Amino acid sequence: MAGETTIQIEKSLSPESLALIQKAGHLAAERRLGIYLVGGVVRDILLGRANSDLDLVVEDNAVDLAEALAKEMGGRIVVHRRFGTAKIRTENMVVDVAMARAESYARPGALPTVRPGSIRDDLARRDFTVNAMALRLDPGNFGALVDPFGGQKDLESRLIRILHDRSFIDDATRMLRAVRYEQRFGFRLEASTEDLLRQNVTMLRTISGDRIRHELELILKEECPEKALKRAGDLGLLDEVHPALKDDGQLKEIFEKARETASPPSPALYFVLMTYRFSLTECEDFVARLKVPGTISRVILDTARLRERIPSLDSPDLSPSAAYGLLREYSPTSVLACAIAADSALVQERLHLYLNRWRHVRTSLDGNALHKMGVPSGPRLGGMLKALHEAKLDGRIGSKEDETELVQRWLSQGR
Ligand code: ATP
Ligand code: MG
């Protein structure tokens, strides 16, 4: 089964990763088990790109081997016995260890049924040829390439190719994965892969909201997510995810601005920017369809509401305290999204001022201090604190002495 080619793994991995896979190779050899490095890290080794996520596949019992490995290397292990998988985390690495599996799909979009299999079976269930390669780790064949689908050749030709014609039907999330890898590496979809993708875009309807959202999140973690989103839009995939999710060409500019403003932008910020032009109803529909978790969905809806207030924020004589009063009920991520995506320069400036300055403004005097100065507790005290804060926001007072003086004036006026 060993390929003709042996890869010089030593050059591409950190010393720590290398030590770990060598150890894994020895432990597996002692137990007479086949063990392989698989998937993305193999692709990245061949591309000369760094990758610290190690995926190991063991033919047969992976969990026992993972436990032995964690013991030798140090690191926390989490075992999923039912799936025959384990995850080991060390300070700098995440290592997934799984039993080699064969799988079949009961119906499109369903999660596959799996059973123990060979490394070839395990590679055959994968998404693209460039992700379906393995490297042997047994000491006698360390680094031998296992490449049953021509992944190495496709890497050289810079192509993303599915393994069989039903691939997108079995699992339509692969369509979003395909554009993500294509755009990350500057590859092309291989011609018949692209044809099959175009023919099967509606298969995305078979995928649960959670799984689609997960793929979108992966896209948003890319260095330039807008590239994959643009391509997904051109191929008709975004329309299937949600009809409002067209890439109208503005995303590139907005995402670039987001990267200049927040480096790197959080997936939450990208998510909100992606839905920035949606109406409130479209936002509600979108978060329901994609089962967007509470924290992010609140920010998406908040942003849609804040967008409706933008005309008031655009008025030239709005005071800082009035702007503050308007903005304080919205989440900072919503304000940031609008600061990035709003059309008006004045609004952008105000929102940035709010985020960087106004929202941090505090008075020197607090309730206690006012009480000591003779202000009775109750609404009067609350009102005075608010007025003091506004005076400070608007620059009418600066120092603690200014504040004291103002409160004394108010008291003498019987306010
Ligand atoms: P990345 O650099 O984005 O992490 P990766 O190749 O490591 O790329 P993962 O999402 O970590 O991608 O998945 C690990 C491997 O699992 C992939 O290389 C691929 O072989 C396989 N895989 C993941 N998702 C699918 C899928 N939907 N269908 C088939 N194979 C998949
Ligand atoms: Mg990975």
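No experiment lies behind these values; they were computed from the predicted model shown. Both counts, for ligands and for their atoms, begin at 1 and track the order of listing. The chain is numbered in sequence order, starting from 1.
- Between V41, V94, N131, it is N131 that holds the heavy atom closest to atom 18 (O) of ligand 1.
- Ion pairing between a basic and an acidic side chain is recognised when a charged N comes within 4.0 Å of a carboxylate O; E67 and R81 show such pairing.
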| task | Please lay out, stage by stage, how R259 and Y270 fare under the test side chain to side chain donor-acceptor pair (under 3.5 Å). | result | CA-CA 10 Å; R259 285 193 291 275; Y270 273 143; 3.1 Å; yes

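- Listed by atom number, the atoms of ligand 1 under 4.0 Å from G40 heavy atoms are 5 (P), 6 (O), 7 (O), 18 (O).
- Ligand 1 places these atoms under 4.0 Å from at least one heavy atom of R180: 3 (O).
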| said: Determine whether R101 and R115 satisfy the following criterion, side-chain contact (heavy atoms from CB on, under 4.5 Å), listing intermediate values before the conclusion. | reply: CA-CA 5 Å; R101 285 167 284 178; R115 57 187 182 281; over 6 Å; no

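- In the vicinity of R125, heavy-atom distances shorter than 4.0 Å reach the ligand 1 atoms 29 (C), 30 (N).
- For the residue pair E390 and Y324, no side-chain donor N or O sits within less than 3.5 Å of a side-chain acceptor on the partner.
- Nearest to atom 27 (N) of ligand 1 among the protein's heavy atoms is D171 OD2, 2.8 Å.
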| side chain to side chain donor-acceptor pair (under 3.5 Å) between Y181 and R177, worked out | CA-CA 6 Å; Y181 291 118; R177 299 178 64 83; 3.0 Å; yes

| Does the pair S321 and S319 meet the rule for a side chain to side chain donor-acceptor pair (under 3.5 Å), with working shown? | CA-CA 5 Å; S321 61; S319 65; 3.3 Å; yes

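- Side chain to side chain, D195 and S192 fail the donor-acceptor criterion of an N or O pair below 3.5 Å.
- Inside a 4.0 Å radius of atom 11 (O) of ligand 1 there is not any protein heavy atom.
- Scanning all protein heavy atoms for the shortest distance to atom 8 (O) of ligand 1 gives Y181 OH, 2.9 Å.
- Ranked by closest heavy atom to atom 3 (O) of ligand 1, the top entry among H214, M133, R184, E222 is R184.
- When N51, D127, D53 are checked for heavy-atom proximity to atom 19 (C) of ligand 1, D127 turns out nearest.
- Closest to atom 6 (O) of ligand 1 among all protein heavy atoms lies R43 NH1, 3.0 Å.
- The distance from ligand 1 to the heavy atoms of G39 drops below 4.0 Å at these ligand atoms: 18 (O).
- For ligand 1 and T173, the ligand atoms under 4.0 Å from any heavy atom of the residue are 27 (N).
- The protein heavy atom nearest to atom 28 (N) of ligand 1 is R174 NE, 2.8 Å.
- Of the protein's heavy atoms, R177 CZ, 3.1 Å lies nearest to atom 24 (N) of ligand 1.
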| task | Show your working on salt bridge (charged side-chain N to carboxylate O under 4.0 Å, His left out) between D170 and R166 and close with a plain yes or no. | result | CA-CA 6 Å; D170 284 344; R166 279 189 57 84; 3.5 Å; yes

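- Ranking protein heavy atoms by distance to atom 21 (C) of ligand 1, first place goes to R126 NH1, 3.8 Å.
- Within the structure, the side chain to side chain donor-acceptor pair (under 3.5 Å) test picks out the following pairs touching residues 197-212 (sequence neighbours left out): D171-R211, E194-R198, R205-E240, D210-R213.
- When every heavy atom of P148 is checked against every heavy atom of L123, the shortest pair comes out as CD-CD1, 3.7 Å.
- Nearest non-hydrogen protein atom to atom 14 (C) of ligand 1 is D55 OD2, 4.0 Å.
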